[in-house]
Visitor: 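Please see the structure below; I have some questions.
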Amino acid sequence: MAIERYNAPAREKHWQHVWESRNVFQASNEHTRPKCYVLEMFPYPSGRIHMGHVRNYTMGDVLARYKRALGFNVLHPMGWDAFGMPAENAAMERKTHPAKWTYDNIAAMRAQLKSMGLSLDWSREFATCDVEYYHQQQKLFLDFYKEGLAYRGVGKVNWDPVDQTVLANEQVIDGRGWRSGALVETREMPVWYFRITKYADELLDALKDLTRWPEKVRVMQANWIGRSEGLLMKYELSGERLPAGWRELEVFTTRADTIFGGSFCALSPGHPLTLELAKDNPELAGFLEDCRHVGTSEEDLNRVEKKGFNTGLTATHPLIPDRKLPVFVANFVLMGYGTGAIFGCPAHDQRDFEFATAYKLPIVPVVIPEGQDPATFDLGGEAYDGPGRIANSGFLNGLTIDEAKAEVARRMEEIGKGERRTMYRLRDWGISRQRYWGCPIPIIHCDACGIVPVPEDQLPVKLPEDVTFDVPGNPLVRHPTWKHVDCPSCGKPATRETDTMDTFVDSSWYFARFCSPHADVPVDLDAAKYWLPVDQYIGGIEHAILHLLYSRFFARAMVATGHLNVKEPFGGLFTQGMVIHETYSNRNGQWLLPSEVRIEGEGDQRRAYEIATGAPVQIGPVEKMSKSKKNLVDPDDIISTYGADCARWFMLSDSPPERDVIWTEAGVSGASRFMQRVWRLIDEALPKAAPKGSPKPGEFGPDADALRRAAHKALAKVSQNIETLRFNVAVAQIYEFASTLHAALGKDGPGMAWAIREAAEILVQMFGPMMPHLAEECWERLGYNTLLADQPWPTVEEALLVDDTITIAVQVNGRRRDELTIARNASKAEVEAAALKLEPVIRALEGRPVKKVIVVPQRIVNVVA
RNA sequence: GCGGACGUGGUGGAAUCGGUAGACACACAGGACUUAAAAUCCUGAGGCAGAAAUGCCGUGAGGGUUCGAGUCCCUCCGUCCGCACCA
């Protein structure tokens with residue numbers, strides 16, 4: 001009598017209910033056991049979960065369940081990154097309130113996540129738009145402000161003149177506002193900053209200790225911080241048109257060794273001196289206008305010609321008083337790096353070389369490669385930036401590059417014309433957003449007192465609820481009453497800051513809030529001391545720089561303000577690959593959902609048709625699932641058809657977790673088939689298995705022994721591979737062991753029944769973290785009325801991992817000829833003797849004398865002839 | 001241009017302390033069961049030659065180190081990702 005198919009969707013609801021009603025996954029507040037904090041990047045509540053979420057949360061869940069079974073006190077929380085623009089856009093489009101839209105979405109997504117059977121501690125859930133959360137964030141802001149880590153300064157922002165709003169960089173597309181299409185202007189206005197540059201060195205240096213982070217992410221962060229050590233130099237300026245107050249020009253260089261090769265100085269178009277000069281120089285103003293146009297185009301910046309404008313000013317070479325260098329404004333000099341001014345050494349910098357060629361400036365090599373004569377060295381049409389010795393440089397001649405750098409620095413410091421300086425690419429973090437749906441910055445502007453922090457007892461500064469989105473601009477600015485307050489300091493009428501915080505602020509400390517989600521301080525220090533850092537953080541590579549760098553800054557800032565005791569928030573980081581899928585388009589070029597397409601045939605014969613019309617469909621490349629390409633598979637559909645376990649198992653199979661996984665129908669049905677196979681396997685094993693709790697027999701026959709060895713070896717490997725997040729390999733090993741158990745059911749002998757029960761239980765426990773519902777179901781069938789989720793991870797019997805006899809390969813001259821089964825502890829001589837007796841070995845030797853025999857114990861024998 | 005990663009059967013991928021390459025899965029082929037199909041079970045399979053035993057060739061290409069290289073070194077080719085005039 002065949003067993004019924006396992007009805008995953010129905011049984012999954014049952015087990016989810018059981019877990020929830022028993023609070024199985026609540027982290028304990030008793031900080032006695034060793035802890036493990038597993039965190040996946042929390043989602044933006046867009047309204048629906050997508051397959052990327054399924055993959056991300058499945059991985060975290062496997063680890064969390066596994067660690068739980070190992071006895072750790074596991075913290076595995078979930079929350080919502082809930083502030084941000086989409087809610088305001090929805091408000092504009094649908095006449096709803098951002099809060100309602102957001103909380104409705106959260107409710108929908110929470111239900112979806114629950115249907116995945118994740119081992120989450122829902123008691124710690126929060127959204128960043130909860131007043132309770134942003135209240136604490138305002139406290140942090142005020143503490144940062146007191147500590148000098150938050151400040152107000154004038155900054156450049158992207159201003160959309162039509163929508164009358166500031167745009168984030170990501171919202172500026174080809175120089176235009178993404179919604180209005182208006183040309184974006186650069187405006188200078190007062191904005192709030194976090195002083196991340198204070199920790200530039202620390203953030204860079206500590207990267208080397210983040211050994212459980214992907215190398216790639218560390219490299220990206222290091223480049224982003226962009227530390228370079230060099231010399232800040234002062235060039236004396238002269239010239240008729242020199243504006244008052246400008247006697248010196250500061251330039252930064254990392255190649256002070258080439259100072260004698262300098263043939264010009266160049267200012268950035270945005271340099272203050274440039275702007276000063278442009279005031280009464282229409283020609284220069286015109287040049288700047290040209291630069292601005294080029295500046296917006298992105299890619300071919302490299303190919304843009306090096307253009308300059310001769311200001312007529314001269315700069316005096318600091319070490320050669322009679323050498324005057326022309327001062328240009330040049331389009332390739334960036335204001336955002338160094339001092340916004342350079343000295344140009346054409347022989348050893350490609351950009352300077354091109355510039356000097358265009359403007360017929362001297363090109364004098366001062367670094368000569370080893371073996372070349374300074375008198376005859378020819379650059380050959382491009383700058384030389386390799387190693388060598390200094391020449392044509394007076395007192396520097398003959399020195400190496402490093403020696404020359406040191407010598408120039410020493411002399412320049414001596415004469416007060418220079419100082420060693422470290423520059424960074426990293427800028428302070430501008431957090432002001434002129435938007436409604438964000439955390440209000442708790443500041444009051446008073447005509448008399450200036451900037452006044454909102455007193456802590458007046459927090460939270462709540463967002464007003466009665467706002468409208470029918471006109472452009474920030475609703476907080478035009479709200480009739482909200483911003484009008486009395487100055488806390490002098491009591492006179494004053495106004496609130498109407499900027500809200502960048503949503504990246506919200507996500508920079510949420511991991512810490514999970515330690516004590518309802519505390520009336522940002523973070524309960526005792527809880528944080530126990531739980532932090534996060535042991536394993538899992539998320540997409542797209543956050544490699546911003547979110548992860550901001551969080552690292554926040555941890556340091558929170559340590560400085562007494563809110564935290566760890567500077568690195570994430571001990572281990574794992575960046576998972578994307579979920580990708582074929583794309584489909586019809587004759588009219590419209591994208592079609594996979595569910596709208598019927599596929600026929602295989603391989604070259606594979607054809608797709610639109611279900612509604614029967615018309616042929618073009619099968620396009622496999623790409624990241626996206627709304628625009630409509631190559632989406634809805635997790636809900638998969639879960640309601642095949643079950644959450646099936647989706648989870650598929651996500652873990654085949655593809656290594658850091659690589660992209662191609663979602664295919666075939667793969668899903670394969671996963672589903674395995675679920676049914678396991679279900680039947682347990683059913684078939686039961687009648688042959690010893691009763692639950694039977695005493696371990698004193699004797700095992702060869703087949704029983706072999707099964708036990710296979711079980712414990714599989715257990716050891718699966719444990720190891722879950723531990724190292726190599727889920728695809730763990731899955732393969734579970735497949736393999738399921739086959740082994742299946743084959744063993746036909747065998748008999750002493751101890752077999754006991755071994756079968758042991759093997760079945762180990763199998764179920766091994767896939768428990770991956771397919772938790774099916775595992776509970778099987779556990780129940782195995783006769784238990786306890787939850788598998790509460791069951792400790794099975795213990796590996798080490799003795800079973802070591803076999804008495806082993807099979808090793810035998811090579812002749814490095815080619816495998818045979819294998820040899822021999823006692824594990826056989827001596828080298830015994831192995832050698834046995835190997836030389838093998839028929840294929842003798843044949844391969846063809847009578848040649850054996851020169852030597854290499855025996856690597858328990859590994860291989862190589863006969864060299 | 002700079003930086004990083006990668007390149008293994010028809011496909012996704014195993015095998016990284018240098019030691020039997022291709023585990024496991026998908027797709028495929030053959031068989032069993034069935035009136036039939038589905039489902040399920042069994043078997044096969046890197047390529048070439050051969051009935052088979054077996055032999056030769058094989059981890060992007062070429063070279064090197066080694067008793068032995070997918071793994072280490074050098075050169076080249078290709079793919080993907082990140083940064084992009086960073087002084």
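Please read these numbers as outputs of a predicted model, since none were measured by experiment. Numbered from 1 within each chain, the chains take letters A, B, ... in sequence-line order. Every heavy atom of this structure was used, including side-chain atoms; hydrogens, water molecules and symmetry mates were not.
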Visitor: Counting just side-chain N and O atoms, does A/Thr807 come under 4.0 Å of either OP1 or OP2 of B/U20?
Guide: no
Visitor: So what's B/A87 paired with, Watson-Crick or G-U wobble, going by both distances under 3.5 Å?
Guide: none
Visitor: Return the nucleotide paired to B/A29: Watson-Crick means purine N1 to pyrimidine N3 with N6-O4 or O6-N4, wobble means G-U with N1-O2 and O6-N3, both under 3.5 Å.
Guide: B/U43
Visitor: In the structure shown, which nucleotide is the Watson-Crick or G-U wobble counterpart of B/G82, with both distances under 3.5 Å?
Guide: B/C2
Visitor: Please tell me if A/Arg817 has a side-chain N or O lying less than 4.0 Å from either OP1 or OP2 of B/G55.
Guide: yes
Visitor: Which value, in whole Å, describes the distance between the C1' atoms of nucleotides B/A29 and B/G46?
Guide: 16 Å
Visitor: What integer distance in Å separates A/Arg677:CZ from B/C24:C1'?
Guide: 10 Å
Visitor: Would you say A/Arg680 reaches B/C41's phosphate, i.e. side-chain N/O to OP1/OP2 under 4.0 Å?
Guide: yes
Visitor: Paired with B/U71 by Watson-Crick or G-U wobble geometry, both distances under 3.5 Å: which nucleotide is it?
Guide: none
Visitor: If the threshold is 4.0 Å, N to carboxylate O, is there a salt bridge linking A/Arg816 and A/Glu819?
Guide: yes
Visitor: Examine B/A87: is either OP1 or OP2 under 4.0 Å from a nitrogen or oxygen in the side chain of A/Tyr337? Give yes or no.
Guide: yes
Visitor: With P as the reference atom in both, quote the distance from B/C81 to B/G13 in angstrom, rounded to an integer.
Guide: 16 Å
Visitor: Mind checking the P distance from B/G7 to B/A14? Whole angstroms is fine.
Guide: 9 Å
Visitor: Considering non-hydrogen atoms only, spot the tightest contact between A/Arg824 and A/Val802 and give its length.
Guide: NE-CG1, 3.1 Å
Visitor: Does A/Arg815 put a side-chain nitrogen or oxygen below 4.0 Å from OP1 or OP2 of B/C57?
Guide: yes
Visitor: Hey, does the side chain of A/Arg351 come within less than 4.0 Å of B/C86's phosphate (OP1/OP2), counting only N and O?
Guide: yes
Visitor: Any salt bridge linking A/Arg843 with A/Glu839? Criterion: basic side-chain nitrogen under 4.0 Å from a carboxylate oxygen.
Guide: yes
Visitor: For A/Asn728 and B/A14, is the shortest distance between a side-chain N/O and OP1 or OP2 below 4.0 Å?
Guide: yes
Visitor: Please determine whether a side-chain nitrogen of the Lys or Arg among A/Arg709 and A/Asp803 lies less than 4.0 Å from a carboxylate oxygen of the Asp or Glu.
Guide: yes
Visitor: Sticking with atom C1', work out how far B/A37 lies from B/A32, rounded to a whole angstrom.
Guide: 16 Å
Visitor: Determine: side-chain N/O of A/Arg673 to OP1/OP2 of B/C26, distance under 4.0 Å, yes or no.
Guide: yes
Visitor: Quote, to the nearest angstrom, the P distance that separates B/A15 from B/U71.
Guide: 15 Å
Visitor: Does OP1 or OP2 of B/C42 have a side-chain N or O of A/His742 closer than 4.0 Å?
Guide: yes
Visitor: Determine which nucleotide pairs with B/A53, using a 3.5 Å limit on both distances of a Watson-Crick or G-U wobble pair.
Guide: none
Visitor: Taking B/A69 as the reference, what is the distance to B/A61 when you measure between their P atoms (whole Å, please)?
Guide: 15 Å
